[in-house]
Structure formats: structure tokens, C-alpha cells
**Q** 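The structure is given below, and queries will be raised subsequently.
Read the numbers this way: they start at 1 and go in the same order the structure lists the ligands and their atoms. Note: hydrogens, waters and symmetry copies are ignored here, and every other heavy atom, side chains too, is used.
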Amino acid sequence: MKYFSLQNKQHVVSFEDAVVQGLAPDKGLYFPEQIPSFEKDFFNKIEQHADLDIAYAAIKPFVGEEIPEEILRKIIADTLSFPFPLEKVKDNIYALELFHGPTLAFKDVGARFMAGCLGYFRRNDSRPVTVLVATSGDTGGAVAHGFYNVPGVRVVILYPSGKVSTLQEKQLTTLNGNITALEIQGTFDDCQRMVKTAFLDAELQAHCLLTSANSINVARWLPQMFYYLLAYKQLKSDIVFSVPSGNFGNICAGMMAAAMGLPVQHFVASTNINDTVPRFMHSGKYEPGQATPTISNAMDVADPSNFIRILELFANSLPALQQKLTSYSFTDKETVATMEEVWEKEHYMLDPHGAVGYLGLQKYLSYTKSAAGVFLETAHPVKFADTAPAALQEKIVTPERVQSLYSLDKKAVLLPNDYNALKTWLMQN
Ligand SMILES: *Cc1c(COP(=O)(O)O)cnc(C)c1O
């Protein structure tokens, strides 16, 4: 498969180049030249296929011959080494739980798959590569765990001091090995600015080979198709999927799976009050503005980077897109009320992101008859326990596999909010 830049369709690269570069030199996102199709009866007999074979069938056309079958299968097995259960919440509403991976959020899948691909592509290169990434919380943990102990790769994560949750900070700062956490005395935006400056700094680039593990990377985006396929395998009906969305990478992967033949009745993109896409779906006007902080902070995005890929899937036709996608926005007040209500009535604990997904699903189903609705529960509630209502906080059960983290010592390098401090550190270490 070849990939073209969405800024310039003449600029075409291999899967390897798309993964290693992340973004095209013209700053465009990479997009596959063709949309592959599943074989006709694949979905009729999906329950006869093992999860790993389903994932292989989905991703293989995007990788082509660039990774040998045996190695690609191993990467997939490492990526899907934890379950993706579908839990019935009530009636025809199900939660697809994507938080059973090492860092308790769905980003583990994309990060692990990308780490496997990058590790393979760099196998004969003796020069170590530095993965430089800024995080507001979830991305850093997933990338750190995904790349932990990958030979020839070191990971440097910038996070804003005092602005990530307790558990998120432990996940970033306790692995050590090839992972270094830089605690920046600034905001997430400051961290992101420092990383962007580093990528433009020729002197630094001459000194160390830098790459990003940003969510726009095709190797982080495409494996997210697996969730939707595995949900279909468990339910075998025409599903309405509601996806809590920030950068719209996750939902875009679901829409790609549908374009390849997965039967999906409809998609609902559920957002917090950062409602650029819900407004666009109404007016056809894309007006991003500034991001507003909310309790579902992994979705505090005003200008979702992957939305351009969704438009491309529908040949930039708004009416065509409206046939398949509805988008709603919800306030923090509605989110908290839903977390409380679903706990009281159904005894199901939502995290704030899943709660936004649940709200979107419920709203859409109130207008339509549908066989089944699935919302994606993108993080474990303990990850965002700091902002949950007090009455719920004490009910949240911390999974055993992260309990030990709380007693580990944090190891981070404290740096001022100053690009030169980052540059000096990268040159010296
Ligand atoms: C990243 C994230 C999202 C948003 O996913 P996108 O692919 O950016 O739309 C939703 N929920 C959680 C918990 C996240 O970490």
C-alpha cells in the first residue's frame, strides 16, 4: 500500500516512510491510496475466526509486503495481548471496554502497534532514534509502555508539571530504562511547542535522530480498526457505535473499517463542549477556535487533526457523511450527572470520556430504532478519579496491575518552560 499526503496527492510514500516520518514534509496527514475490502462472506463467518486472524486480515493490506507475515503476526499478538470485552450496561446498550491494557486507556493499542512497526523498520540501523512526545496524560503513558525495551529506541516524554493525574504521572515516571520523563514547568501547550521547535531545529537533528509518536501516525491510527471488528464479532448485529472523540483518530479508524465492509448502522461522534465537529455537521462550516478545559480532558481539542481523514473517506461530501455520522456535544454537568445515574441505576462505573460516549449513544437511539448500541469506554475510571464526583470516587476499584505503581518512586527531570533547556538536555544525554 502507498500513502499520499492530504496536502498534495502527488506526494506518495511507502508504509515504512509514512510510519517513520509521521507527517509528510508538507505537514499533510498520510492517507492510503486505496480502501481495501474484506472478502464477501468474512463477516458472515466472523465468529469462526480468531481475534488475531481478524486483526491480521484488517491490517495486512495497509502494510503490504513491507513487514514479513510472521513478524506482522507477532506485532499484532503483542498489540492485542489483553481483552476487549463488551459489557451490557442496560437493554440494548453495551460498553466496549478498551481499558484493559497496561496504561488503562485505549491508546495502548496504537502505541504498541506503532512501536512494533518502528522497531522492525529500524532493525538494521545502528543509530539510535529518539521518540520525542508531549503529553497531556494518556498518550505519554501508552507510548512509554509501548516502546519500553524496544532496541535502538529511546523515548523522551514532556509532560506539564502538576497537570496530569496521579496515576498518569506514575505511569510516565516509573518505567526508567529507555524511557525518560521531562517534567516541564509549564502547560501542555508549552510542552507541545517545545517538541515542535525541536523538530524544526536542524542543529539538534544533526546531533540526534528524532521521530514522533503522534496520534496522526498511520501506525497508531489504523490498528484502532480492531476494536470495531472485535465488537462485531461479539454482537453480530448492525451496531450503532458512539465514540468519545477528541482528535477523531479512533472514530476515523472505525469508519475506515466500515468502508472496508464492516456492517455498521451508524456512527455517533460524541464530544465535550469542544464542539467544532458537531457544529460543522450542522452548518458545513469548520470553525475551530480555542480548546476549553473539561473533565474529559483527553478530548479537549478544538481542531481535531484526524477529521480531515474522515472527510477524505467521504470524498469531502457533507451530505454523504451525514448519512453515516451524527455528532453531539455535551457539558461537564451532563457528563457528571450521567456518571452518577448510570452508577445508581445500572451499577456500571463510567469514566468521563465513556460518559460522553454513553450520552451520545442514548441521544441517537432516542430518535432511531436500532438493534444494538455500543459506546467505547476509552479509559478506566481510576485514571480520572481525581475529577469524579466524591461519592463515586470511593467506589472506583483500582485494578491490581496498577496498584503497585503508587508505591514506586517517581523519576523525572525537572526543566523550565524554555526550549533551550530541552535542547541542551537532548544534546547532552
Ligand atoms: C485520546 C482519548 C480520547 C480521544 O480519542 P481520539 O482518537 O483523539 O478522538 C478519548 N478518550 C480517552 C480516554 C483518550 O485518552
**Q** Does any donor atom in the side chain of Ser5 or Asn8 lie under 3.5 Å from an acceptor atom in the other side chain?
**A** no

**Q** Could a heavy atom of Phe99 be found less than 4.0 Å from some atom of ligand 1?
**A** no

**Q** For Ile179, what residues pass the side-chain contact (heavy atoms from CB on, under 4.5 Å) criterion, not counting sequence neighbours?
**A** Ala144, Tyr148, Val155, Ile157, Leu175

**Q** Among all protein non-hydrogen atoms, which one is nearest to atom 4 (C) of ligand 1, and what is the separation to 0.1 Å?
**A** Gly246 N, 3.6 Å

**Q** Is it the side chain, the backbone, both or neither of Met299 that has a heavy atom closer than 4.0 Å to ligand 1?
**A** side chain

**Q** As an exercise, identify every atom of ligand 1 less than 4.0 angstrom from a heavy atom of Gly249.
**A** 6 (P), 7 (O), 9 (O)

**Q** For ligand 1, is there an N or O atom under 3.5 Å from any N or O atom of Phe248?
**A** yes

**Q** Taking only heavy atoms of Ala379 into account, list the atoms of ligand 1 that are under 4.0 Å away from them.
**A** 13 (C)

**Q** Under 3.5 Å between any N/O of Ser245 and any N/O of ligand 1: does that happen in this structure?
**A** no

**Q** Sequence neighbours left out, what passes side-chain contact (heavy atoms from CB on, under 4.5 Å) with Ser161? Give chain and number order.
**A** Glu183

**Q** Under 3.5 Å between any N/O of Pro244 and any N/O of ligand 1: does that happen in this structure?
**A** no

**Q** Is Asp51 salt-bridged to Lys233, going by a charged N under 4.0 Å from an acidic O?
**A** yes

**Q** When Tyr228 is tested against each of Leu96, Asn250, Val264, Ile239 for side chain to side chain contact (heavy atoms under 4.5 Å, CB included), which residue passes?
**A** Asn250

**Q** Rounded to the nearest 0.5 Å, what's the gap from OG on Ser14 to CZ on Phe121? Could you check?
**A** 7.0 Å

**Q** Is Lys383 touching ligand 1 with its side chain, its backbone, both, or neither, if touching means heavy atoms under 4.0 Å apart?
**A** neither

**Q** Got an N/O contact under 3.5 Å between Asp351 and ligand 1?
**A** no

**Q** Identify the closest protein heavy atom to atom 2 (C) of ligand 1: which residue and atom is it, and at what distance?
**A** Lys107 NZ, 2.4 Å

**Q** Is any NZ, NE, NH1 or NH2 atom of the basic residue among Lys9 and Glu312 found under 4.0 Å from an Asp or Glu carboxylate oxygen of the other?
**A** yes

**Q** After noting the C-alpha distance and the side-chain angles of Tyr358 and His353, does the key distance pass the side-chain hydrogen bond (donor to acceptor under 3.5 Å, both in side chains) rule?
**A** CA-CA 9 Å; Tyr358 179 92; His353 306 78; over 6 Å; no

**Q** Please indicate whether any nitrogen or oxygen in Phe106 is less than 3.5 Å from any nitrogen or oxygen in ligand 1.
**A** no

**Q** Establish, yes or no, whether the cationic atom of Arg73 lies under 6.0 Å from the six-membered ring centre of Tyr56 and within 45° of the ring axis.
**A** yes

**Q** What part of Asp138 sits under 4.0 Å from ligand 1 if we count only heavy atoms: the side chain, the backbone, both or neither?
**A** side chain

**Q** Has ligand 1 got any nitrogen or oxygen that is less than 3.5 angstrom from a nitrogen or oxygen of Asn250?
**A** yes

**Q** Of the protein's non-hydrogen atoms, which lies at the shortest distance from atom 11 (N) of ligand 1, and what is that distance?
**A** Thr378 OG1, 2.8 Å

**Q** Ignoring hydrogens and geometry beyond distance, is a side-chain donor-acceptor pair present between Tyr30 and Gln21 at under 3.5 Å?
**A** yes

**Q** Tell me which protein heavy atom sits closest to atom 8 (O) of ligand 1, plus the residue, atom name and distance to 0.1 Å.
**A** Asn247 N, 2.8 Å

